[in-house]
Amino acid sequence: MEELLELYNTMGISPAVYHYGEQALERLKERFQRIDMIAEHNQAKVIAAMQKNRVSAACFAATTGYGYDDVGRDNLEKVYADVFHTEAALVRPQITCGTHALTVALSANLLPGDELLSPVGLPYDTLQEVIGIRQSPCSLKEYGVSYRQVDLLPDGSFDYENIRKAINQKTKLITIQRSKGYATRPSFSVKQIGELIAFVKAVKPDVICMVDNCYGEFVETIEPSDVGADMVVGSLIKNPGGGLAPIGGYICGTAECVERCAYRLSAPGLGQEVGANLGLMPALYQGFFLAPTVVAGAEKGAIFAANLYEPLGFKCVPNATESRHDIIQAVELGSEEGMIAFCKGIQAAAPVDSFATPLPWDMPGYKDKVIMAAGAFVQGSSIELSADGPVRPPYAVYFQGGLTWCHAKLGILMSLQKMVDAGLVTLA
Ligand SMILES: *Cc1c(COP(=O)(O)O)cnc(C)c1O
């Protein structure tokens with residue numbers, strides 16, 4: 001213990017900050033145990049799926065060109081389908097990011113004249129252009145797909161009455177975002193999502209229910225596809241890539257929906273048959289294998305952050321004690337200086353680019369300045385320890401990831417240290 005303290009000290013963490021962290025950890029033992037149990041469950045689920053599908057060295061071979069008969073790629077999709085308990089899956093490096101995966105899922109399953117409904121309020125920023133809520137060439141709106149939205153009630157619950165009213169003859173697909181993203185609403189549990197899907201299907205049985213599963217994978221022992229979702233969609237540089245996937249996205253769901261997605265992604269008639277794996281199979285398999293424990297570490301980091309900052313008077317969403325349905329932690333730091341200090345700490349604790357200093361900048365597409373801290377092996381990966389936020393009241397930093405719990409802990413301690421160094425926090 002003394003040696004660790006000394007080592008941390010050489011890295012810039014004072015004994016006061018370290019001990020404050022240890023006190024918080026004392027209170028979290030039971031909670032961390034429950035997270036480990038979820039990780040154990042999900043780890044077994046992934047291993048069982050890999051065993052059932054006889055994963056072997058042959059699956060790791062690189063293919064190029066068209067990628068016909070790509071055993072590794074086809075088998076990985078079976079593994080994903082088994083873990084998510086779906087009929088089919090599309091898991092591809094050719095899906096460039098989460099937004100792309102969602103775009104494929106939506107545009108493959110919505111035709112001109114159809115209507116898309118979001119019963120959970122405004123979707124994630126990047127989807128607003130995809131849908132056409134904000135004008136963009138090639139939006140769904142341009143292709144004649146209309147959009148309707150029902151906001152959440154003030155307490156964050158579903159507005160069932162208005163959802164019922166919003167569902168009409170044209171309603172073809174509903175999109176449910178599991179994680180809050182950059183909004184202030186709570187994230188939904190899988191159980192809540194299941195209740196919403198059951199309600200929607202009772203009103204209109206043939207409506208397709210899609211869940212934006214970004215940041216939610218492996219946080220619980222069940223996924224939205226276990227409670228009626230026809231498609232679950234996400235990014236491989238978030239949870240399911242386990243930090244090793246350098247690119248990619250997935251869509252798991254019914255055979256019919258996924259087949260359409262494959263036709264949309266490649267071309268009608270070609271579908272899942274093409275798409276070389278370019279040598280990425282080892283990373284995609286091993287990343288998926290590691291994902292349950294990586295997600296557990298990230299979730300512990302989020303809880304640790306809330307338990308460090310909330311007692312110091314900073315509002316945390318979720319708060320220090322409530323249950324979690326994704327790996328995102330928002331901390332309201334109350335000032336620009338606070339955001340800068342916090343992000344400096346996260347950056348200083350990174351294995352990559354630790355020498356860089358994050359500063360607020362005018363990022364294209366954003367109204368306010370944005371600050372970001374990330375020292376990641378995979379650029380932009382947010383399963384790796386990262387923090388960002390728009391510089392405006394309440395000066396909230398959105399913090400997520402950490403490939404290991406130990407790194408997440410170091411990053412959060414360092415963030416607090418920078419707050420102390422800047423005179424923004426005094427520890428008793
Ligand atoms: C990250 C995210 C997306 C988009 O993913 P990108 O990989 O950044 O394109 C969509 N929805 C939610 C809820 C997200 O968190």
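These values consider heavy atoms only, across backbone and side chains, with no hydrogens, waters or symmetry-generated copies.
Between the side chain of His41 and the main chain of Glu220, no donor-acceptor pair closer than 3.5 Å is present. Without hydrogens or angle criteria, Asn277 side chain to Ala61 main chain gives a donor-acceptor distance under 3.5 Å. A donor-acceptor contact shorter than 3.5 Å is absent between the side chain of Ser225 and the backbone of Thr86. Side-chain atoms of Asp114 do not come within 3.5 Å of backbone N or O of Val145 as any donor-acceptor pair. Side chain of Asn53 to backbone of Val55: no donor-acceptor contact under 3.5 angstrom is found. Remark: the backbone N or O of Asn168 is paired with a side-chain donor or acceptor of Lys204 at under 3.5 angstrom. With hydrogens and angles disregarded, no donor-acceptor distance shorter than 3.5 Å links the side chain of Asn75 to the backbone of Val71. Checking side-chain atoms of Glu142 against main-chain N and O of Cys138 turns up a donor-acceptor pair under 3.5 Å. Side-chain atoms of Glu384 do not come within 3.5 Å of backbone N or O of Gly401 as any donor-acceptor pair. Under a 3.5 Å cut-off, the side chain of Lys52 and the backbone N or O of Val79 do not form any donor-acceptor pair.
Between Arg73 and Glu77 no salt bridge is recorded (no basic side-chain N to carboxylate O distance below 4.0 Å). For Glu299 and Arg34, the salt-bridge test fails: no basic side-chain N is under 4.0 Å from an acidic carboxylate O. Under the 4.0 Å criterion applied to side-chain N and carboxylate O atoms, Arg260 and Glu256 are not assigned as salt-bridge partners. Under a 4.0 Å N-O distance rule, the pair Asp230/Lys201 qualifies as a salt bridge. At a threshold of 4.0 Å, the pair Lys300-Asp36 counts as salt-bridged, since one of the basic side-chain nitrogens sits closer than that to a carboxylate oxygen.
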#### Entry: side-chain contact (heavy atoms from CB on, under 4.5 Å) assessment of Leu312 paired with Met419
CA-CA 11 Å; Leu312 294 170; Met419 297 283 288; over 6 Å; no

### Working for side-chain contact (heavy atoms from CB on, under 4.5 Å), residues Ile328 and Ser187
CA-CA 9 Å; Ile328 312 289; Ser187 295; over 6 Å; no

### Message
Go through it in stages, so that I can follow the logic: the residues are Phe32 and Phe304, the test is ring pair (Phe, Tyr, Trp, His ring centres under 6.0 Å), and I'd like the CA-CA distance, side-chain angles, deciding distance and then a yes or no.
### Response
CA-CA 10 Å; Phe32 279 19; Phe304 183 55; 7.6 Å; no

### Residue pair Glu22, Lys409: steps toward the salt bridge (Lys or Arg N to Asp or Glu O under 4.0 Å) verdict
CA-CA 10 Å; Glu22 290 311 289; Lys409 178 182 173 183; 2.8 Å; yes

### Message
Under the criterion side-chain contact (heavy atoms from CB on, under 4.5 Å), I'd like the reasoning laid out for Glu223 against Arg178: C-alpha separation, chi angles, the key distance, then a yes or no.
### Response
CA-CA 10 Å; Glu223 298 291 337; Arg178 178 171 173 182; 3.1 Å; yes

### Message
Would Tyr143 and Ser107 count as a side-chain contact (heavy atoms from CB on, under 4.5 Å) here? Give the steps.
### Response
CA-CA 9 Å; Tyr143 284 92; Ser107 52; over 6 Å; no

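You'll find the side chain of Tyr263 stays beyond 4.5 Å of the side chain of Leu270, heavy atoms only. Annotation: side chain of Phe188 is not in contact with side chain of Leu196 (no heavy-atom distance under 4.5 Å). At least one side-chain heavy atom of Phe377 sits under 4.5 Å from a side-chain heavy atom of Pro351. Side chains of Ile208 and Lys172 form a contact here, defined as non-hydrogen atoms less than 4.5 Å apart. Between Leu106 and Leu116 there is a side-chain heavy-atom pair separated by less than 4.5 Å. Phe218 places a side-chain heavy atom less than 4.5 Å from the side chain of Val83. No side-chain heavy atom of Glu217 sits under 4.5 Å from any side-chain heavy atom of Val295. Counting heavy atoms from C-beta outward, Val258 and Gln272 have side chains that approach closer than 4.5 Å.
Applying the 6.0 Å contact sphere to CD of Gln286 captures no more than 12 heavy atoms from other residues, nucleotides or ligands. The number of heavy atoms from other shown groups lying within 6.0 Å of CZ (Arg164) does not exceed 12. The number of heavy atoms from other shown groups lying within 6.0 Å of CD (Glu322) is above 12. Atom NZ of Lys191 sits in a sparse spot, with 12 or fewer heavy atoms from other residues, nucleotides or ligands closer than 6.0 Å. The environment of NZ in Lys180 is crowded: more than 12 heavy-atom neighbours from other residues, nucleotides or ligands sit within 6.0 Å. Enclosure of atom CG in Asp206 by more than 12 non-hydrogen atoms of other residues, nucleotides or ligands within 6.0 angstrom is indicated.
To the nearest 0.5 Å, atom CD of residue Glu195 and atom OG of residue Ser157 are 11.0 Å apart. If you take OG1 on Thr293 and CG on Asn42, they are separated by 10.0 Å, rounding to the nearest 0.5 Å. With values rounded to the nearest 0.5 angstrom, Ser118 atom OG is found 5.5 Å from Gln149 atom CD. Atom OG1 of Thr126 is separated from atom NE2 of His100 by 12.5 Å, given to the nearest 0.5 angstrom. Interatomic distance, CG of Asp326 versus SG of Cys214, reported as 10.5 Å (0.5 Å rounding). The structure places CZ of Arg185 at 7.0 Å from OG of Ser179, a figure rounded to the nearest 0.5 Å.
For the residue pair Tyr309 / Ser415, a side-chain donor-acceptor distance below 3.5 Å is found, with atom types taken as modelled. Looking only at atom types and distance, the side chain of Ser146 has a donor-acceptor partner in the side chain of Glu115 under 3.5 Å away. When only modelled atom types and interatomic distance are considered, Tyr398 and Gln400 share no side-chain donor-acceptor pair under 3.5 Å. With hydrogens and angles left out, the side-chain atoms of Ser139 and Glu129 include no donor and acceptor closer than 3.5 Å.
What you find for Ile412 and Ile346 is that their closest heavy atoms are N-CD1, 4.4 Å. Residues Ala283 and Leu244 share a closest heavy-atom pair of CB-O, 3.6 Å. The two atoms that bring Cys257 and Met231 nearest to each other are CB-CG, 3.7 Å, heavy atoms only. Closest approach of Ala81 to Ala89, counting heavy atoms only: N-CB, 3.9 Å. Between Ala341 and Lys418, the closest heavy-atom pair is O-CB, 3.2 Å. Minimum interatomic distance between Pro240 and Tyr250 (heavy atoms only, all atoms of both residues): CG-CE2, 3.7 Å.
With sequence neighbours left out, Tyr124 forms a ring-ring contact (aromatic ring centres under 6.0 Å, His included) with no residue at all. Looking at residues two or more places apart in sequence or on another chain, you find no side chain to side chain donor-acceptor pair (under 3.5 Å) involving Lys141. Tyr8 pairs by the ring-ring contact (aromatic ring centres under 6.0 Å, His included) definition with Tyr18, not counting sequence neighbours.
Between Val150 and the choices Ile167, Asn162, Ile174, the side-chain contact (heavy atoms from CB on, under 4.5 Å) rule is met once, by Asn162.
Under the 30°/60° scheme for interplanar angles, the aromatic rings of Phe158 and Tyr160 are found to stand perpendicular.
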